**Student:** 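A single structure is presented below for examination.
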Amino acid sequence: MDKETFRKFGYKFVDWVADYFEEVEKYPVCSAVKPGEIKDRLPSSPPLHAERMDTIFDDFDKIITPGITHWQHPSWFAYFPANNSPASVLAEILTAGVGAQCMSWQTSPAAAELEEVVMGWLRQMLGLPDGLTGVIQDTASTATLCALLTARERVTGFKSNQGGLREPLVVYSSDQTHSSIEKGVKIAGFGRENLRLVPTDEAYAMIPDKLEEAVRQDKKRGLKPACVVATLGTTSSTAIDPLADIGRICGKHGLWLHVDAAFAGSAAILPEMRWMLEGAEFMDSFVFNPHKWLFTNFDCSAYFVKDPAALIRTFEIHPEYLKTGHDSQVKNYRDWGIQLGRRFRALKLWFVIRSYGVEGLRAILREHLRLAKLFKSWVEEDERFELMAPVPLSLVCFRLNDGRGEAGLDEMNKQLLEKINASGAVYLTHTSLRGRYVLRLAIGQRTTQERHVHAAWELIKREAEELLKTSNR
Ligand SMILES: *Cc1c(COP(=O)(O)O)cnc(C)c1O
């Protein structure tokens with residue numbers, strides 16, 4: 001591509017994104033394409049000769065965009081949000097432009113030092129203990145895997161990465177834990193059988209006494225407890241495990257405490273939400289995703305550890321071709337996780353934090369929390385609906401309940417969700433709580449306003465009314 005074409009399309013693409021930000025509300029939130037529909041419109045073999053940028057861009061517009069589900073839509077209430085922001089997108093252009101590989105200090109000193117500084121900022125913003133040191137990972141799944149691997153090494157005296165795992169080690173989490181914990185336990189050599197799902201209370205938070213009971217039982221059976229994964233903000237209902245009580249048990253039994261706060265962690269920038277972190281001094285590691293609720297586009301996961309030396313000892317490897325003269329004075333983040341090559345992710349985080357300021361970020365999160373409380377109050381006031389879990393953050397779990405008994409309610413709510421989403425006006429997803437089918441309305445998209453939440457509620461009520469009229473229960 002010649003430089004004039006690059007410039008021309010560079011401006012055009014920025015215009016496209018700027019228009020997208022303004023107009024995203026016009027699209028159906030969830031793409032309605034059928035499986036295979038996009039593939040069928042694409043050639044199965046690559047072009048032999050260069051194509052014009054016009055042609056490629058046209059195809060993006062015609063073929064790709066209809067298959068996009070619009071995560072940046074203000075009526076995005078599904079899963080958890082995956083936010084971007086103007087500052088974050090602009091920074092990504094620079095990151096792609098400089099195209100640096102940030103595996104060692106030497107391979108881009110500014111990337112390594114900016115990462116150190118920005119992670120220090122995040123630690124302060126969340127009010128995490130001073131003793132924690134941060135590193136950016138791609139996802140919470142990867143960060144949790146790093147935690148499990150480091151816990152494994154610490155409990156075996158750094159012998160299992162030398163001789164392999166010789167005895168079964170046990171991991172504990174609540175029965176509400178994210179699937180990435182099960183995946184991590186499965187691939188880090190613990191084995192799925194050695195993951196204990198500790199029962200939860202009526203708020204879906206881990207019961208500390210049950211944790212201690214499970215640890216004691218495993219010890220009695222001659223198994224070696226290694227790690228507890230506590231969750232702040234479970235994926236199903238944003239339940240918050242009691243860190244302080246869990247931490248004391250970990251301290252007593254010498255267990256690694258990893259905290260998965262993938263979504264909820266961002267809320268700790270609000271002083272009024274710091275109660276979640278009571279007991280943080282017990283944490284060995286902590287992860288949260290700025291790519292969820294801190295307006296830094298995917299991927300950017302913030303991982304904090306108490307003992308960086310243990311992390312490095314678990315991962316470091318020193319091939320001759322990677323040695324540099326600065327290794328004793330600098331941080332080489334390739335030794336702080338699984339991958340060698342690393343993207344320059346600190347840049348977008350730096351741009352986002354500076355362009356909003358901490359107070360600017362707090363204001364958006366506070367509004368999301370307010371909107372969730374508002375939606376919760378509407379659900380509570382309407383006798384046809386039922387709140388299914390406490391609302392400590394910005395996720396509301398609820399269902400339609402016609403009062404005619406449990407049988408058939410799951411199916412009715414499933415139909416309700418399908419009808420709501422088929423409208424294209426909003427996107428909600430579901431979960432299962434104690435075996436019951438539950439609708440989740442997750443507020444956290446950067447541009448969501450009260451009118452969007454209100455419109456969603458009106459739509460939900462309308463579809464529910466229809467359903468109750470036609471149902472022959
Ligand atoms: C979203 C989520 C994850 C997974 O995050 P990734 O960054 O996609 O790996 C893990 N734990 C919880 C509680 C989550 O909500």
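Side chains included, hydrogens not; waters and symmetry mates left out as well; all remaining heavy atoms used. In each ligand, atom 1 is the first atom listed, and ligand 1 is the first ligand listed. Not measured: the values here are computed from a predicted model.
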**Student:** Parallel, tilted or perpendicular, judged at 30° and 60°: which one describes the rings of Trp76 and Tyr427?
**Tutor:**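 Judged by the thresholds at 30° and 60°, the geometry between Trp76 and Tyr427 is perpendicular.
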
**Student:** Return the set of residues passing side chain to side chain donor-acceptor pair (under 3.5 Å) with Arg313 (not counting sequence neighbours), or none when no residue passes.
**Tutor:**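 Testing Arg313 for side chain to side chain donor-acceptor pair (under 3.5 Å), a comparison that skips the adjacent residues, returns none.
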
**Student:** Using the side-chain hydrogen bond (donor to acceptor under 3.5 Å, both in side chains) rule, collect all pairs that involve residues 114-123, keeping only residues at least two apart or in two chains.
**Tutor:**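 Those involving residues 114-123 are Glu115-Arg342, Glu116-Lys331, Arg123-Asp130.
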
**Student:** Applying side chain to side chain contact (heavy atoms under 4.5 Å, CB included), can you list everything that pairs with Leu94, at least two apart in sequence or on another chain?
**Tutor:**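 Partners of Leu94 by the side chain to side chain contact (heavy atoms under 4.5 Å, CB included) criterion, ordered by chain and then number, come out as Leu347, Phe351.
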
**Student:** List by chain and number: which residues place a heavy atom under 4.0 Å from ligand 1?
**Tutor:**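 Residues near ligand 1: Phe80, Thr139, Ala140, Ser141, His178, Ser180, Gly233, Thr235, Asp260, Ala262, Asn289, His291, Lys292.
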
**Student:** Is the distance between the ring centroids of Phe288 and Phe263 less than 6.0 Å?
**Tutor:**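 No, they do not, as the ring centres are separated by 6.0 Å or more.
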
**Student:** Less than 4.0 Å between a side-chain N and a carboxylate O, is that true for Arg370 and Glu450?
**Tutor:**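 Salt bridge between Glu450 and Arg370, a charged N being under 4.0 Å from a carboxylate O: yes.
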
